[in-house]
Enquirer: 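Supplied in structure tokens, the structure appears directly below.
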Amino acid sequence: MKVIGRPVRWLSVIAASLALWLAVLSLGATSALAVGFDNRPSTENSLGLEVKSAILIEADSGQVLFEVNPDQALPIASMTKLMTEYLVLKEIKNGRLTWEEIVTVDPVAADTDPSESQIYLAAGDQHSVRDLYIAMAVGSANDATKALAIRVAGSIDAFLEKMNATAQELGLTSAHFTSVTGFEDTTVMSARDVVVLSRHILLEHPEFLEISSLQEYKFRERDAAPMINFNYMLGANKNNQFLQHLAYEGVDGMKTGFINAAGYNFTGTVKRGDIRYISVVMDTKNKDARFYETAKLYDYAFATFEKKTVLPPKSVVETLETVKIKKGKKKTVPVVTDKDITFMVKKGVEPKIEMKGYELLPESELVAPIAAGTKVGTVTYTYKDDATGKDLDYTVNLVTTEEAEKAGWFSLFFRAIGDFFSNLWNSIMDLF
């Protein structure tokens, strides 16, 4: 009995130790997923988003449809690359860089810490701008990002200066870049500024979506497997059935991000029909949660809002049908708005807008001849947005509908005489 009893007791001890070890592992896995999320309480909001910050806008107008703590500057991790991507696209658009140009990898870019996301570039490697850009946008490769930054500005520090200067130009008041990749927790930006930057990318460089929508890309022929886009809402890893539940119809960008200080972040964009939304969620509790929270925003948007044109293009503005000009055959020229005013409104609601004011060019600039279609001023309308409770202002140009021809010298001569006597008479009448 003793011989049998001793192994039983040892087996019990071993089993208990194994159970304790598994429990610790489970707790560790849970903690790894949470990454301190419990220490960063999410902000209460009507959609129940478990985030520290979030924002949703309609891309064309920039109209904000939902927001949670949108103005707090927070670490943005690899969403930092949105600014790097924007600046590279700007260089290409300005002709200072081409997609086909071959970049020789600088030792600084190759010397990327093993803990960072990368494509494992070696100093002296040569790759096209396109390949490096895809590695940055799809694979979030820090070494490829540094290689492009150095090519554009000559050094990392010089590129950082461009990033911060561009942030000021775009009005991103919360942005502070200390890294071109976002690996440092001192690079911060608010959700509102991230979405503004993202909108600039899409409006100025729509070709960005051709790259951000790639689900995978093989960087080198010798690579055993392609890079997989970390944006699982694309349906990335299309051959991986375990990720399919994260895909969302119409999503084609933009950038994920993670470091411990930031939690899990995601800037996304989705288009269905003629409506495109851009969203940002910051500091979600795990990798997949950033996509679940984004899906909540998109579900809300598509179910709640519709586009409504409240003022068609070429509309005549009441009380501002014409604008006075000088030296024309006619003393006035008719004007209309140059484009439509369209808002996102709650479905079934008829929006009401009011003219807030107008501004005309100085008299010195309103001198004939003036061509048809010339901008002569602006008019601003305001709309009470039920979604946010804020007043939205929308400004459009006033343009001439016909040519304002210059009067001949004979007409101008007699007009001047008439104006002289008219002014003289008014001066005399003012005496009495």
Side-chain angles (χ1 to χ4, degrees), residues 57-64 168-171 196 199-200 203-204 274 307-345 349-386 388-432:
I57 70 168
E58 191 272 324
D60 287 340
S61 65
Q63 183 180 340
V64 176
Q168 289 186 343
E169 292 171 8
L170 298 179
V196 168
R199 182 169 179 257
H200 275 284
L203 294 183
E204 298 174 30
D274 65 342
K307 269 188 177 181
K308 183 82 73 172
T309 298
V310 293
L311 189 76
K314 298 183 179 179
S315 291
V316 175
V317 179
E318 189 176 352
T319 73
L320 198 60
E321 294 88 353
T322 61
V323 170
K324 291 182 179 179
I325 60 171
K326 292 182 176 181
K327 299 184 179 181
K329 285 186 175 181
K330 299 178 181 178
K331 293 185 177 182
T332 62
V333 62
V335 295
V336 294
T337 57
D338 68 335
K339 59 181 179 181
D340 67 290
I341 295 181
T342 300
F343 292 111
M344 299 300 297
V345 302
V349 174
E350 193 62 37
K352 294 181 180 179
I353 65 169
E354 297 178 354
M355 191 177 82
K356 186 175 183 179
Y358 65 88
E359 185 174 345
L360 300 178
L361 295 179
E363 288 185 7
S364 59
E365 297 182 36
L366 296 175
V367 181
I370 299 175
T374 299
K375 175 185 172 182
V376 293
T378 60
V379 59
T380 299
Y381 289 85
T382 188
Y383 161 65
K384 184 73 171 181
D385 183 17
D386 293 333
T388 61
K390 298 177 180 179
D391 289 335
L392 298 177
D393 290 343
Y394 201 103
T395 300
V396 293
N397 296 327
L398 289 170
V399 297
T400 57
T401 61
E402 60 185 49
E403 180 184 3
E405 297 182 35
K406 185 175 181 179
W409 71 269
F410 191 74
S411 297
L412 292 175
F413 174 73
F414 279 100
R415 186 180 297 172
I417 292 176
D419 290 341
F420 170 77
F421 282 108
S422 175
N423 293 332
L424 180 61
W425 175 254
N426 289 333
S427 298
I428 293 172
M429 293 302 295
D430 287 341
L431 295 174
F432 296 98

Enquirer: Return yes if some donor-acceptor pair links the side-chain N/O of Thr337 with the main-chain N/O of Ser315 below 3.5 Å, else return no.
Expert: yes
Enquirer: Which heavy atom of Ile370 sits nearest a heavy atom of Val367, and at what distance?
Expert: CG1-O, 3.3 Å
Enquirer: Once rounded to the nearest 0.5 Å, what's the spacing between atom CD1 of Ile325 and atom OG1 of Thr332?
Expert: 7.0 Å
Enquirer: Atom CG of Leu398 and atom OG1 of Thr322: how far apart are they, to the nearest 0.5 Å?
Expert: 11.0 Å
Enquirer: Taking Gly373's backbone N and O only, do any of them form a donor-acceptor pair with Thr400's side chain (distance below 3.5 Å, no angle check)?
Expert: yes
Enquirer: Over all heavy atoms of both residues, which pair between Val333 and Glu402 is shortest? Give the atoms and the distance, please.
Expert: CG2-O, 3.7 Å
Enquirer: As an exercise, state the distance from NZ of Lys324 to CD of Glu363, rounded to the nearest 0.5 Å.
Expert: 8.5 Å
Enquirer: Hey, are Lys375 and Asp338 close enough for a salt bridge, meaning a charged N less than 4.0 Å from a carboxylate O?
Expert: no
Enquirer: What's the verdict on side chain to side chain donor-acceptor pair (under 3.5 Å) for Asp393 and Thr380, showing C-alpha distance, side-chain angles and the deciding distance?
Expert: CA-CA 7 Å; Asp393 290 343; Thr380 299; over 6 Å; no
Enquirer: Is there a side-chain contact between Val399 and Thr374, using heavy atoms and a 4.5 Å cut-off?
Expert: no
Enquirer: Start with the C-alpha gap between Lys308 and Glu350, add the side-chain angles, then the distance that decides, and say whether side-chain contact (heavy atoms from CB on, under 4.5 Å) holds.
Expert: CA-CA 8 Å; Lys308 183 82 73 172; Glu350 193 62 37; 3.9 Å; yes
Enquirer: Between Gln63 (side chain) and Met344 (backbone), is there a donor-acceptor pair under 3.5 Å?
Expert: yes
Enquirer: Side chains of Val196 and His200: does their closest heavy-atom pair fall under 4.5 Å?
Expert: yes
Enquirer: Are Tyr383 and Phe343 near enough that their ring centres are under 6.0 Å apart?
Expert: yes
Enquirer: Can you tell me how far apart CD1 (Ile341) and CG (Leu392) are? Round to the nearest 0.5 Å.
Expert: 11.5 Å
Enquirer: Do Val323 and Tyr358 have side chains that approach each other closer than 4.5 Å (heavy atoms only, starting at C-beta)?
Expert: no
Enquirer: Would you give the length of the straight line joining atom CG of Asp391 to atom CD1 of Ile353, rounded to the nearest 0.5 angstrom?
Expert: 12.5 Å
Enquirer: With rounding to the nearest 0.5 Å, note down the distance linking OG1 in Thr342 to CD in Glu58.
Expert: 8.5 Å
Enquirer: Please report the closest heavy-atom contact between Arg199 and Ile57, naming both atoms and the distance.
Expert: CD-CD1, 3.9 Å
Enquirer: Below 4.0 angstrom, N of the basic side chain to O of the carboxylate: do Glu403 and Lys330 qualify?
Expert: no
Enquirer: Minimum heavy-atom separation for Asp340 and Val396, please, with both atom names.
Expert: O-CG1, 4.2 Å
Enquirer: For side-chain contact (heavy atoms from CB on, under 4.5 Å), just list the numbers for Val379 and Tyr394, CA-CA rounded to whole Å, side-chain angles, deciding distance to a tenth of an Å, and then say yes or no.
Expert: CA-CA 8 Å; Val379 59; Tyr394 201 103; over 6 Å; no
Enquirer: Does Thr319 reach the side chain of Met355, with side-chain heavy atoms less than 4.5 Å apart?
Expert: yes
Enquirer: Is there a donor-acceptor contact under 3.5 Å from the side chain of Thr309 to the main chain of Leu311?
Expert: no
Enquirer: Walk me through whether Asp60 and Lys307 qualify under salt bridge (Lys or Arg N to Asp or Glu O under 4.0 Å).
Expert: CA-CA 11 Å; Asp60 287 340; Lys307 269 188 177 181; 2.9 Å; yes
